[in-house]
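Structure first, commentary second.
Side chains are part of it too, since the values below use all heavy atoms of this structure and drop only hydrogens, waters and symmetry mates. Source: prediction; values computed, not measured.
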Amino acid sequence: MRYLRYLFLAALGLCLVTVALANRQLVHLKLLPEDIAGFSGMQLDIQLPMFVVVFGGIIAGLLIGFVWEWLREARLRAEGDRAKRDAKKLEREVKKLRQPDPAKGDDVLALLDGDSAAR
């Protein structure tokens, strides 16, 4: 199974390198449209190879998805933590109840002693 995983990763790497080599031409990225950039006085632009833009978009999408899921599952993690705390509390209580109380003694003998004291 390990070799199959390595084979898959090698094939994926080969595909990514092929896409990168096929998309080496430079593209001009602008932060704002020309009209808004002229009005605001901020002309932010950069030239990058196309594969950097494509791979950057994929990575940004993955990161946004991971953060979105992490935020969405925060409620579930909090409920899980509460359930763990409750389970540990109940486990401690069960251990405490299972330990014999030396001061109390045996319930059956206490009933018999109480019955003989009443006579």
Side-chain angles (χ1 to χ4, degrees):
M1 198 64 170
R2 179 175 35 171
Y3 294 117
L4 189 60
R5 183 176 65 204
Y6 290 150
L7 180 66
F8 174 74
L9 290 176
L12 181 64
L14 182 65
C15 289
L16 291 176
V17 168
T18 303
V19 168
L21 290 175
N23 294 295
R24 291 181 302 188
Q25 66 273 15
L26 292 177
V27 293
H28 195 75
L29 295 177
K30 295 181 181 183
L31 181 65
L32 299 171
E34 291 181 20
D35 296 336
I36 297 175
F39 179 71
S40 66
M42 294 183 355
Q43 186 68 22
L44 299 174
D45 56 352
I46 190 169
Q47 284 188 341
L48 294 171
M50 182 65 172
F51 72 90
V52 172
V53 174
V54 171
F55 293 157
I58 291 170
I59 291 171
L62 284 172
L63 289 175
I64 290 170
F66 288 145
V67 169
W68 187 272
E69 275 300 303
W70 182 76
L71 291 173
R72 190 181 69 84
E73 292 174 351
R75 181 181 51 87
L76 297 174
R77 286 192 307 275
E79 286 177 11
D81 289 341
R82 276 193 298 273
K84 281 182 186 178
R85 279 194 307 272
D86 290 345
K88 286 184 180 183
K89 179 183 171 187
L90 291 172
E91 188 175 313
R92 284 191 305 267
E93 187 175 335
V94 166
K95 282 183 183 178
K96 181 182 171 187
L97 291 173
R98 284 188 178 170
Q99 292 176 351
D101 188 8
K104 186 177 178 185
D106 191 12
D107 291 339
V108 174
L109 292 177
L111 285 174
L112 291 175
D113 288 342
D115 190 34
S116 63
R119 288 184 198 170

Would a hydrophobic clustering, with Ile, Leu, Val, Met, Phe, Trp and Tyr connected at side-chain separations under 4.5 Å, put [X] with [Y]?
{"X": "Leu44", "Y": "Ile36", "answer": "yes"}
{"X": "Val53", "Y": "Leu16", "answer": "yes"}
{"X": "Val27", "Y": "Val19", "answer": "yes"}
{"X": "Trp70", "Y": "Leu62", "answer": "no"}
{"X": "Val17", "Y": "Val52", "answer": "no"}

| request: Decide yes or no for Val54 and Asn23: does some side-chain heavy atom of the first lie under 4.5 Å from some side-chain heavy atom of the second? | output: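 When only atoms from C-beta onward are counted, Asn23 and Val54 do not touch, as no gap falls below 4.5 Å.
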| request: Please tell me if the side chains of Lys88 and Arg92 come closer than 4.5 Å, counting only heavy atoms from C-beta onward. | output: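 Yes; the side chains approach each other to less than 4.5 Å.
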| Where Ala20 and Phe55 come nearest, the two heavy atoms and their spacing |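 Shortest heavy-atom contact: CB-CE1, 4.1 Å.
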| query | What closest approach, in Å, do Arg24 and Phe51 show between heavy atoms, and which atom pair accounts for it? | reply |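 Scanning both residues, the minimum pair turns out to be CA-CD2, 4.4 Å.
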| Basic-acidic side-chain contact under 4.0 Å: Glu79, Arg75 |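 So Glu79 pairs with Arg75 through a salt bridge.
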| said: Assess whether a salt bridge exists between Lys96 and Glu93, defined as any Lys/Arg side-chain N lying under 4.0 Å from an Asp/Glu carboxylate O. | reply: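 Answer for the salt bridge query: no.
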| message | Tell me if the CD atom of Glu34 is crowded by more than 12 foreign heavy atoms within 6.0 Å. | response |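 No, the 6.0 Å shell around CD holds no more than 12 heavy atoms from other groups.
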To the nearest 0.5 Å, what is the distance between [atom1] ([X]) and [atom2] ([Y])?
{"X": "Leu26", "Y": "Ile46", "atom1": "CG", "atom2": "CD1", "value": "10.5 Å"}
{"X": "Gln47", "Y": "Lys30", "atom1": "CD", "atom2": "NZ", "value": "10.5 Å"}
{"X": "Asp86", "Y": "Asp81", "atom1": "CG", "atom2": "CG", "value": "11.0 Å"}

